[in-house]
Amino acid sequence: MKDHETLSERLAEQGISRRAFLKFCTALASLMALPPESAAAMAQALAKSLRPSVIWLSFQECTGCTESLTRSYTPTLESLIFDMISLDYHHTLQAASGFAAEKSREDAMKNFYGKYLLVVDGSIPINGGGVYSTIAGRTNLDLLQETAKGAAAIIAVGTCSSFGGIPNARPNPTGAVAVSDIVRDKPIVNISGCPPIPSVITGVLAHYLTFGTLPDLDDLNRPRSYYGTTIHDRCYRRPFYDQGKFAKTFDDEGAKNGWCLFELGCKGPTTHNACATTKWNGGTSFPIESGHGCLGCSEPHFWDAGSFYTPLSAPVVNIEATTLGAAIAGAGVAVAMSSLDRNKIHRAQQAHEIMSVKDL
Amino acid sequence: MSPQSIPIHALTEEAHSIGNIRALLTEIASLLDKLDRNNESGMIDLNSLPLAPGEYEKLRLALGRGEVSARIDAIGPSEIIETHYPGVWWVTHYNVEGDIVADLLEIATIPEIIKSQPEDMHAGLARLRTRLSEVAE
Amino acid sequence: MNLQRGIHSMIEQIDGPMASFFSSCVHCGLCADACLFYTETQEPKYTPIYKLAPMRRIWQQQFTFWGRLLFKLGLSKPVTDEELAEWEPLVYDSCTLCGRCSLACPVGNDITYMVRKMREGMAASGHAPEGIKEATRRAIELGSPMGVTINTLKAHIKHAEKETGIAFPLDLVGADYLLVLSSAEIAVFSEIIPAVARIFHQAGISWTMASDGFEATNSGIQIGSSDLAAELVNRIVKSAEHLKVRYVISPECGHAYTALRWEGPNLIGRPFPFEVVHIIELLDQLQSSGRLKTTGTTDARMTFHDPCQMVRRGGVIDQPRNLLNKIASNFVEMPESGIQNWCCGGGGGVSANPRADELRLKVFSRKKSQLDAIAVKTMVTSCSNCRSMLEEGIEHYHMDTNVIGLTELIAEHLAEPSEEPKP
Amino acid sequence: MNQHALLFFLRGQGLKFAVIVFTFGLIYRLLHPVLLGRKKNLAAPRGGEWGPGMRTIWHRSLFPVRLTPRGHFIIIAGYIFHLGFLITLLFLSQHIELVKNTFGIYWPALPPGAISIAAVLSIAALAALFVHRITDPVKRLISDFQDYLVWVLTLLPLLTGLALDMAADYQRMLIVHIISVELLLIAIPFTKLAHMLTTFSSRWYNGAIAGYKGVKA
């Protein structure tokens with residue numbers, strides 16, 4: 001099985017030097033947010049690793065996640081990482097179609113049962129028995145359950161497969177759910193984001209290849225090395241937050257000076273992701289650097305968490321009318337109750353027995 | 001509207017200075033001190049830092065250029081520059097497209113990537129011996 | 001049954017201010033520092049608001065959401081006879097209704113107003129001190145809490161007429177002013193009678209006294225029974241109406257002023273057809289209008305003890321000072337004077353309650369330290385009850401201070417009739 | 001329920017509930033006593049009621065002139081607590097945003113450093129008042145369970161708000177902060193905290209009763 005030989009053998013065949021590989025590992029360590037000193041040790045481990053089989057299932061999704069990955073700013077690195085895995089099924093990328101495509105999935109499942117990695121993007125609709133999304137006549141639910149059985153681990157790429165994402169937004173007509181809502185007996189890594197940062201996907205794959213394990217995860221099963229801190233924690237505009245300097249509109253002096261976007265609805269403080277350091281488009285920028293607040297796309301229910309432009313400290317519902325109503329009701333009840341209580345006092349006064357000295 | 005009519009505002013120092021540069025230079029000094037005393041080398045991954053726009057350039061200015069510079073060609077170029085402070089190296093790896101894939105400050109007598117790797121030396125030795133045997137024949 | 005009557009009586013007393021005050025108390029404890037019973041004993045039970053505890057519970061149980069709920073569920077302890085008995089000394093012996101706490105409360109509670117109302121319930125439930133009960137019985141049955149009768153008064157009048165040579169009008173219909181007196185003035189400080197006569201004679205005002213309504217004091221408001229208080233006030237009102245006077249003069253007696261001036265119309269349920277003036281208020285008016293002429297000044301250092309009910313609770317504040325400044329060249333104020341003055345310790349019925357004597361004399365140390373601070377030997381006041389209490393306290397603490405009534409002092413400085421220009 | 005859903009609830013329906021209870025209850029607590037009314041005073045007045053009532057509302061907010069050392073402590077600590085709490089509540093930009101987004105009105109914010117100082121002073125004053133409550137014999141006697149409950153409920157929003165920018169997990173602390181605020185809002189109408197409005201009616205009555213007799217209370 002030539003496709004699954006060790007990496008060093010393949011590199012040697014391609015005439016890639018160890019120094020070049022070390023450089024690649026340095027870049028990888030940087031991607032994985034590991035200390036740069038670990039590049040040498042990674043090179044050692046990676047050289048010996050076998051190429052695992054990967055099955056990629058796309059469900060109720062927009063292909064944004066795949067786009068993010070394939071339009072990654074590091075095409076050479078990307079290809080190197082894809083060289084390290086055997087992508088046996090990905091219906092957007094593979095050349096095969098129809099029955100041949102499905103057969104390659106079935107072959108991989110049979111040959112590498114218990115060892116292959118399952119990557120999922122897109123949510124799984126479960127209303128109406130899952131009829132809202134089917135591939136080759138089978139529902140996503142059915143495919144996921146079948147393919148998950150033999151997987152060593154599942155990597156949920158994007159917010160849809162991680163948490164349900166936009167298809168799951170109210171009123172959620174298709175009953176879209178996350179992978180973790182269906183598969184409960186397999187290790188799952190959620191790489192959330194809409195789309196997720198491409199290097200995070202490759203970083204997790206590299207971690208699996210290097211160490212043979214899944215990275216350390218947070219309580220939402222996201223890799224801590226990328227999702228351990230919030231955008232707010234690592235934002236270069238944080239000092240302005242601490243000084244109370246806020247942009248009030250998108251074109252005021254504060255906005256021009258690059259002040260904090262909290263009051264314009266930035267969800268950075270409650271959003272765990274690596275955008276502020278890894279950035280997008282080859283390290284060019286990230287939303288806040290471009291002058292727009294964070295939408296919180298890597299968090300569950302981000303689409304339903306109120307307006308993108310409502311500050312975190314403001315209510316997500318309109319309470320003005322309610323407050324007025326409650327005040328009027330309070331006044332009304334006070335009028336009613338005080339009238340009852342005045343009667344009570346009045347009755348006590350009516351029942352008053354005139355006091356005489358004999359009562360003393 | 002002519003280009004001349006667009007007002008130009010010079011950004012003040014404070015507008016983007018959030019104090020990362022001073023913190024970085026302090027860390028570099030402490031790593032350099034370790035190298036000097038214990039011969040321990042160290043690295044700083046510039047990609048993992050939340051640098052504000054302009055701070056990268058400021059760091060470049062602060063560190064300057066020293067005597068040594070080197071270039072490696074291995075799946076894209078790498079640029080190694082000794083800064084104005086001997087022992088502090090700026091190592092930038094590019095891919096074939098010219099994008100930066102890793103950007104490091106390495107505090108060492110010689111950056112690791114410049115050294116020849118044992119595996120490459122083995123392969124090279126083998127190639128040299130083959131060459132010699134061919135010449136002998 | 002008395003307990004129920006008491007509780008009902010407290011419910012009757014709940015009104016807007018009461019409910020607001022109970023709602024506002026944050027248990028900050030500041031009122032303690034305003035109460036001489038606490039400052040002089042350091043006993044926390046004398047904290048003014050604590051004296052309201054049983055009534056506060058009745059308010060909660062009858063008028064608040066949680067209170068009603070807990071009371072219905074049996075989780076809020078009902079007020080008992082034992083509890084009221086325990087509170088009796090707090091509500092009567094250690095409160096002179098002086099009103100100092102009402103000025104100190106940061107949330108604005110008029111605690112004195114509250115204690116006055118609570119006493120209605122205490123009296124109705126039978127939990128009033130025996131001494132005040134006795135005084136009230138004498139007032140209702142004999143006409144005066146000290147047992148003074150019209151005959152005693154007539155004897156004093158005869159004596160005064162002889163002394164001054166001025167005829168005393170009694171039951172004179174159509175006079176402008178009706179003078180009433182406190183029984184202490186008749187029984188103890190009777191010098192006031194000729195003094196007033198001389199002043200009125202000089203000022204040339206038309207006045208009288210009434211044989212059916214000569215007693216100004218009102219034990220009813222001290223014990224906290226509006227019914228009995230109304231009966232006592234009514235005697236004066238009837239006399240005044242019968243004699244068709246335009247003014248009733250409240251004498252040098254603090255609570256008599258409160259009873260007549262501020263509570264009176266509310267007790268009988270209608271406005272008075274006459275005006276009530278405090279004698280000091282009247283003297284000030286006479287002097288400023290030039291009808292009252294004084295002569296000479298006293299050089300001795302003098303100070304003025306503000307009677308709580310006349311000053312802090314009554315509003316006659318500047319008048320005694322105006323009068324004193326005319327005749328005392330060395331008038332000095334005590335450290336906390338005017339509406340911040342400390343009570344003599346015997347107001348609000350405490351003086352009529354022998355059980356409280358010991359405590360009252362103990363807390364007189366507050367007055368003593370106030371006096372010690374200015375080292376004045378002559379203290380003027382304008383309340384016969386204060387005067388008695390001050391004299392007792394001075395004697396108890398072996399102090400060298402004498403107390404005189406303001407009206408008498410004015411009379412002493414009255415310009416001779418010969419100097420008086422003919423009107 | 002995950003943290004995001006909880007935060008969404010707290011910023012939405014949870015807040016709505018708390019605000020309804022708070023507004024309804026507090027208006028009730030203010031109006032019920034006032035509407036009980038009082039008997040018409042038949043005595044001839046020496047002074048007015050409105051003016052003196054309003055004067056007392058203002059005057060009792062000023063620093064009292066004569067105080068015992070004990071009184072000084074209570075007043076100063078009380079002042080620091082109330083001012084610190086109000087400054088924190090009204091001048092933190094995030095709080096102003098809440099009002100702005102709800103009622104459309106807003107005013108300038110104070111720098112976060114100043115707010116932190118105010119909050120720390122307020123917390124320190126609360127702590128000092130707590131120690132005083134359990135050591136001062138008067139306060140111990142007149143205190144009940146509610147006094148301690150209300151102390152905790154008042155302290156929590158200050159503490160959690162202050163911890164917000166130091167917390168490792170901003171979101172969790174934000175959730176705790178909002179919960180503490182909503183608990184406080186709900187508690188206010190049922191406890192002595194209703195004095196935040198009834199103190200105005202009480203002071204007015206006090207000033208009016210005295211003013212009627214010509215006394216400045």
Side-chain angles (χ1 to χ4, degrees), chain A residues 163 219-220 228-230 232-233 238 241-246 248 260 262-265 267-272 296 299-302 304-307 309-320 322-339 341-342 344-345, chain D residues 2-5 7-37 91-104 106 109-115 164-165 168-175 177-178 189:
Chain A
F163 308 126
D219 57 347
L220 291 172
T229 57
T230 62
H232 183 63
D233 289 333
R238 175 66 186 263
Y241 172 88
D242 291 337
Q243 293 162 25
K245 291 178 173 167
F246 299 101
K248 307 276 179 192
C260 179
F262 184 95
E263 295 185 0
L264 291 169
K267 303 296 181 291
T270 56
T271 305
H272 298 77
E299 299 296 334
H301 308 300
F302 79 98
D304 288 330
S307 161
Y309 303 99
T310 300
L312 269 174
S313 62
V316 290
V317 291
N318 185 2
I319 54 172
E320 191 181 6
T322 319
T323 310
L324 192 67
I328 292 168
V333 175
V335 169
M337 283 305 293
S338 64
S339 143
D341 287 339
R342 272 205 316 275
K344 176 189 268 185
I345 295 165
Chain D
N2 64 39
Q3 284 194 17
H4 286 272
L7 181 59
F8 183 74
F9 169 78
L10 292 171
R11 290 172 65 204
Q13 299 308 315
L15 179 71
K16 206 175 205 174
F17 176 75
V19 166
I20 289 173
V21 173
F22 169 77
T23 314
F24 177 94
L26 201 55
I27 293 286
Y28 176 86
R29 286 297 299 271
L30 173 68
L31 291 183
H32 178 261
V34 174
L35 291 171
L36 283 182
F91 293 102
L92 181 70
S93 66
Q94 282 87 337
H95 295 164
I96 297 172
E97 278 305 302
L98 194 160
V99 178
K100 185 176 161 191
N101 274 267
T102 305
F103 299 106
Y106 57 95
L110 282 177
I115 301 289
L164 202 47
D165 287 331
D169 190 334
Y170 185 98
Q171 181 169 306
R172 186 169 302 163
M173 196 50 83
L174 182 63
I175 286 171
H177 180 61
I178 299 178

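A note on names: the letters A, B, ... follow the listed sequences, proteins ahead of strands, and every chain is numbered from 1.
Both the backbone and the side chain of A:T323 come within contact range of chain D, each with at least one heavy atom under 4.5 Å from a heavy atom of that chain. In this structure, chain D has heavy atoms under 4.5 Å from both the backbone and the side chain of A:T310. Of the two parts of A:D304, only the backbone, made up of N, CA, C and O, holds a non-hydrogen atom closer than 4.5 Å to a non-hydrogen atom of chain D. Heavy atoms of D:R172 lying under 4.5 Å from chain A belong exclusively to its side chain. At a 4.5 Å heavy-atom cutoff, the contact between A:Q243 and chain D is made by backbone atoms alone.
Your options are D:T102, D:L92, D:L30, D:L26, and the one with the most heavy-atom pairs under 4.5 Å with chain A is D:T102. Of all the listed residues (D:V99, D:I27, D:I115, D:I96), the one sharing the greatest number of non-hydrogen pairs under 4.5 Å with chain A is D:I27. Highest contact tally toward chain A, considering only D:H177, D:Q94, D:K100, D:Q171, is held by D:Q94 [criterion: heavy-atom pairs under 4.5 Å]. In terms of heavy-atom pairs under 4.5 Å with chain D, the best-connected choice from A:A334, A:S339, A:A336, A:G332 is A:A334. Chain D forms more heavy-atom pairs under 4.5 Å with one residue of A:G306, A:S313, A:G244 than with any other, namely A:S313. Ranking D:L36, D:L110, D:L174, D:V34 against chain A, the residue ahead of the rest is D:L36, based on heavy-atom pairs under 4.5 Å.
In this structure, NE2 on D:H4 lies 11.5 Å from CZ on A:F302, to the nearest 0.5 angstrom. To the nearest 0.5 Å, atoms CZ (A:R238) and NE2 (A:H232) are separated by 3.5 Å. Separating the CD atom in D:E97 from the CZ atom in A:F246 is a distance of 8.5 Å, to the nearest 0.5 Å.
In this structure, D:S93 and A:E263 approach most closely via the heavy-atom pair CB-OE2, 3.3 Å.
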Could you tabulate the donor-acceptor pairs under 3.5 Å formed by side-chain atoms of residues 10-24 of chain D, not counting sequence neighbours?
residue : atom : partner : partner atom : Å
D:R11   : NE   : A:L312  : O            : 3.1
D:R11   : NE   : A:A314  : O            : 3.1
D:R11   : NH2  : A:P311  : O            : 3.1
D:R11   : NH2  : A:A314  : O            : 3.2
D:T23   : OG1  : D:V19   : O            : 2.7

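Using the six-membered ring where Trp is involved, D:Y170 and A:Y241 have ring planes that are perpendicular, over 60° apart on the 30 and 60° scheme.
Legend: residues meeting side chain to side chain contact (heavy atoms under 4.5 Å, CB included) with A:L264, ordered by chain and number and at least two apart, are A:A247, A:F250, A:L261.
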Could you please spell out the steps behind the side chain to side chain donor-acceptor pair (under 3.5 Å) verdict for A:D341 and A:S338?
CA-CA 5 Å; A:D341 287 339; A:S338 64; over 6 Å; no
